[in-house]
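Since the structure comes first, as structure tokens, the remarks are kept for the end.
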Amino acid sequence: MNRINRLYRSLLKAYGSQGWWPLLDVKGTNPTKTGAIRGYHCADYSYPRTRSQAFEICAGAILTQNTAWPNVEKALRSLRQAGALDAKKIAAMDEERLGALIRPAGYFRQKAKKLKLFAAFFLGLGNRTPSRGELLALWGVGPETADSMRCYAFKQPEFVVDAYTRRIFLELGFIEEHATYDKIKGLVEKELATKEAGNAEKTLIAYQEFHALLVEHAKRSVARRSVRTHQPLSSSNRQRKGISRLS
DNA sequence: AACCAGGACGTGA
DNA sequence: TCACGTCATGGT
């Protein structure tokens with residue numbers, strides 16, 4: 001078994017299934033997760049079940065850009081409270097009012113624009129699944145956001161690379177310091193898929209879980225300092241925090 | 001009280 | 001291509 005698969009298996013053993021993407025109305029059942037327990041659908045991969053839930057995931061993907069999830073959740077609840085967690089409503093809303101509703105998520109002027117653009121695009125899709133290229137062509141949607149939408153909202157086997165993934169892979173020596181997004185994505189899609197090759201559904205679940213597990217692991221054990229310095233966490237720190245090396 | 005969060009985009013070199 | 005600056009609130 002290759003190192004990517006080994007890491008995936010040990011993370012899964014350590015933290016259990018994560019059940020991303022978090023949805024406002026879904027209750028999670030994994031007590032070992034950090035942060036909010038609600039919002040996850042651990043070991044149930046039938047979500048999103050509606051077009052509306054797919055939109056909620058996409059909106060969350062935009063709102064979470066460089067932003068901590070609890071703040072995103074506040075913005076989503078604020079939208080729902082206003083009856084506006086809905087593509088039609090958002091597409092028709094003026095940016096000032098939308099910005100006020102999503103304020104807790106930060107960057108509210110930019111994100112109001114992004115949400116409006118995306119909402120109009122989403123409506124135009126009808127029931128269709130957008131390609132990665134279509135998403136990337138939208139202003140405000142970069143590689144990570146596009147892959148998050150594809151993987152979690154539209155259930156396409158597409159691995160999401162984020163800052164946490166990068167940090168952990170660098171620490172483990174899986175990648176070079178300046179590895180590109182596509183390089184890291186390719187590494188996972190090549191190595192993690194080998195076992196599930198030919199089974200699209202299992203591949204999708206593996207991509208969803210692996211990304212979520214990397215985030216969970218990073219939140220617990222990877223020093224924030226390493227973002228700037230790229231210095232590995234010392235073993236004494238690791239032990240003090242009760243984190244095993246996992247590979 | 002700095003520092004950072006599940007980025008993306010525009011700019012100048 | 002590449003390194004920065006910008007966007008902005010809220011938690012630690």
Side-chain angles (χ1 to χ4, degrees), chain A residues 11 15 18-24 28 33-36 39-40 56-79 95-96 98-118 121 132-153 158-171 175-185 188 207-231 233 237 241:
Chain A
L11 288 173
Y15 304 130
Q18 299 299 299
W20 270 31
W21 190 278
L23 285 163
L24 252 29
K33 281 183 58 52
T34 59
Y40 300 86
E56 180 186 327
I57 292 172
C58 294
I62 288 171
L63 289 171
T64 198
Q65 290 171 1
N66 207 35
T67 300
W69 184 257
N71 293 335
V72 175
E73 199 170 308
K74 285 179 190 168
L76 288 173
R77 290 189 190 285
S78 162
L79 281 172
E95 282 175 22
E96 194 173 345
L98 183 55
L101 290 174
I102 64 171
R103 195 181 177 100
Y107 306 88
F108 58 87
R109 293 185 189 86
Q110 289 193 23
K111 286 175 179 176
K113 282 198 181 77
K114 293 178 182 180
L115 280 180
K116 283 205 66 172
L117 286 170
F118 181 80
F121 169 79
R132 187 170 194 262
E134 282 181 289
L135 293 170
L136 287 175
L138 295 170
W139 186 87
V141 178
E144 181 186 341
T145 306
D147 287 337
S148 293
M149 291 176 176
R150 291 265 297 164
C151 184
Y152 293 104
E158 198 108 53
F159 183 71
V160 183
V161 178
D162 65 359
Y164 288 151
T165 308
R166 196 175 223 104
R167 217 175 296 171
I168 292 171
F169 281 14
L170 185 65
E171 189 177 353
I175 58 171
E176 303 290 319
E177 175 141 18
H178 294 293
T180 64
Y181 184 98
D182 291 334
K183 171 107 178 179
I184 301 170
K185 181 178 178 184
V188 172
Y207 287 176
Q208 290 180 335
E209 279 295 341
F210 192 31
H211 175 246
L213 285 163
L214 286 164
V215 173
E216 181 65 19
H217 180 55
K219 281 181 176 169
R220 297 183 189 228
S221 64
V222 180
R224 297 179 180 181
R225 188 164 48 79
S226 68
V227 182
R228 297 198 314 276
T229 65
H230 297 296
Q231 295 305 311
L233 201 62
N237 266 346
K241 296 174 101 170

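Reminder, nothing fancy here: chain letters follow the sequence lines and each chain counts from 1. Quantities reported herein were computed from a predicted structural model and do not represent experimental measurements.
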Distance between P atoms of B/dG10 and C/dA8 (Å, rounded): 14 Å

Atom-to-atom span, OH of A/Tyr181 to C1' of C/dC2 - whole angstrom: 20 Å

A/Glu216 bridged to A/Arg220 by N-O distance under 4.0 Å: yes

Atom pair distance, as rounded to whole Å: CG in A/Asn66 and P in C/dG5: 15 Å

Touch class at under 4.0 angstrom, heavy-atom based, for A/Lys111 against every strand present: nothing

Nucleic acid contacts - residues 142-152 of chain A versus DNA chain B, non-hydrogen atoms under 4.0 Å: A/Gly142, A/Pro143, A/Glu144, A/Thr145

From A/Ile57 atom CD1 to A/Met149 atom CE, the distance as rounded to the nearest 0.5 Å: 10.5 Å

Pairwise side-chain contact, A/Tyr152 with A/Cys58, heavy-atom cut-off 4.5 Å (strictly under): no

Residues that A/Asp162 engages under side-chain hydrogen bond (donor to acceptor under 3.5 Å, both in side chains), provided they are two or more places apart: A/Thr165, A/His211

Neighbour count above 12 (heavy atom, 6.0 Å) for A/Glu176 CD: no

Just list the side-chain donor-acceptor pairs under 3.5 Å for residues 136-146 of chain A, sequence neighbours left out, or say none.
residue	atom	partner	partner atom	Å
A/Thr145	OG1	A/Gln65	NE2	3.0

Spacing between A/Leu63 atom CG and C/dC7 atom P, to the nearest angstrom: 19 Å

Atom-pair distance (CD on A/Gln65; P on C/dA8), nearest Å: 12 Å

